[in-house]
Amino acid sequence: MNQLDFQGRHAVITGGATGLGYAIAARLLASGGVVTLWDRDLPAAEAAAARLGAGAKAIGVDVSDAPAVAQAVQATLAQVGVHAQADALVNCAGITGPNTKLADYPVDAWQQVMAVNVNGVFHCCREWTPHFVNRPWARIVNIASVAGKEGNPNASAYSASKAAVIALTKSLGKELATGNVRVNCVTPAAVKTAIFDQMTPEHIAFMLSKIPMGRFGTPDEIAAMVAWLCTEDCAFSTGAVFDLSGGRATY
């Protein structure tokens, strides 16, 4: 593992109890930082923080709930020591929604996907940005998807939500470009995590067939890119989209 410089820095990671969020937290800890895991499943987040060890804390929050996000920001800032201020936000919380044709897509399921994947990113960026603009430097990294570039069939809500995350990233990155905050996103192809439990076997097989490398990504591979985007070395990229698709995305 290459050593990145996140020494003495603090990252807030949504959806940090499992999957990509957990892997990103581990990588940032290994790079000298500390992390606060935000997750709607507080017991799972506390268990994850315990496994990660010193430097990891947990806060329960549903990112789709704007007042809850505002309260979680205050709870994070009320922590002791280096945890009392944040230098980076990684928006990793997300759901896939059902795999079905758009004409059959349940309205409530569509709204839930948008509430978590789009509104959740908006709420977190909206609440943290005023704090970040006063920091010497800060980083925001949003987890989008190659589905947001290409649109996966039978996954209209997920694809649309991740396209929105890409656009939000570009917009906020430009808004903050003259200051010290960098805002970027990554677009992974399928990564085998617990989120696969929300998908049909047919959809999983379809995603694999689209990846030229012939395999799924690993959480550690995603974490490596995200961790770099959280460092000061990522200085001249903002509003950018970083491909992590095993060759699937060519633009």
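All values below were derived from every heavy atom in this structure, side-chain atoms included, with hydrogens, water molecules and symmetry-related copies excluded.
Counted by atom type alone, Thr76 and Trp38 present one or more donor-acceptor pairs between their side chains at under 3.5 Å. When only modelled atom types and interatomic distance are considered, Thr36 and His10 share a side-chain donor-acceptor pair under 3.5 Å.
Residue Asn91 is tested with Ile13, Asn142, Val165, Leu168 for a side-chain contact (heavy atoms from CB on, under 4.5 Å); the sole match is Asn142.
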**OP:** Could you check Glu46 against Lys57 for salt bridge (Lys or Arg N to Asp or Glu O under 4.0 Å), going step by step and ending with a plain yes or no?
**Re:** CA-CA 7 Å; Glu46 290 174 335; Lys57 295 187 177 181; over 6 Å; no

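Looking only at side-chain heavy atoms (C-beta outward), Thr169 and Cys125 stay at 4.5 Å or farther from each other. Between Val90 and Val12, the closest side-chain pair of non-hydrogen atoms is not below 4.5 Å.
The two atoms that bring Gly15 and Ala93 nearest to each other are N-CB, 3.7 Å, heavy atoms only. Residues Ile143 and Lys162 come closest through the heavy atom pair O-NZ, 2.9 Å. In terms of heavy-atom proximity, Ala115 sits nearest to Ser64 at O-CB, 3.3 Å. Considering all non-hydrogen atoms of both residues, Pro219 and Leu20 come closest at CA-CD2, 3.8 Å. Here the closest heavy-atom approach between residue Ala23 and residue Ala223 is recorded as O-CB, 3.5 Å. Gly16 approaches Ala48 most closely through the heavy-atom pair O-CB, 4.4 Å.
Of the charged side-chain nitrogens involved, at least one lies within less than 4.0 Å of a carboxylate oxygen, so that Asp87 and Arg135 count as a salt-bridged pair.
There is no path of hydrophobic side-chain contacts, each under 4.5 Å, that joins Val121 to Phe242.
Counting only residues at least two apart or in different chains, salt bridge (Lys or Arg N to Asp or Glu O under 4.0 Å) contacts with residues 218-238 comprise Arg9-Glu232, Arg215-Glu221. For residues 113-129, the pairs satisfying side-chain hydrogen bond (donor to acceptor under 3.5 Å, both in side chains) are Asn117-Ser161, with sequence neighbours left out.
No donor-acceptor pair under 3.5 Å is formed between the side chain of Asn99 and the backbone N or O of Ala155. For Ser237 (side chain) and Cys234 (main-chain N/O), no donor-acceptor pair under 3.5 Å exists by modelled atom type. The backbone N or O of Thr231 sits less than 3.5 Å from a side-chain atom of Arg139, completing a donor-acceptor pair.
Heavy atoms from other residues, nucleotides or ligands lying under 6.0 Å from CG of Asn2 number 12 at most.
By the salt bridge (Lys or Arg N to Asp or Glu O under 4.0 Å) test, Arg51 is found to be paired with no residue, residues two or more places apart in sequence or in another chain being considered.
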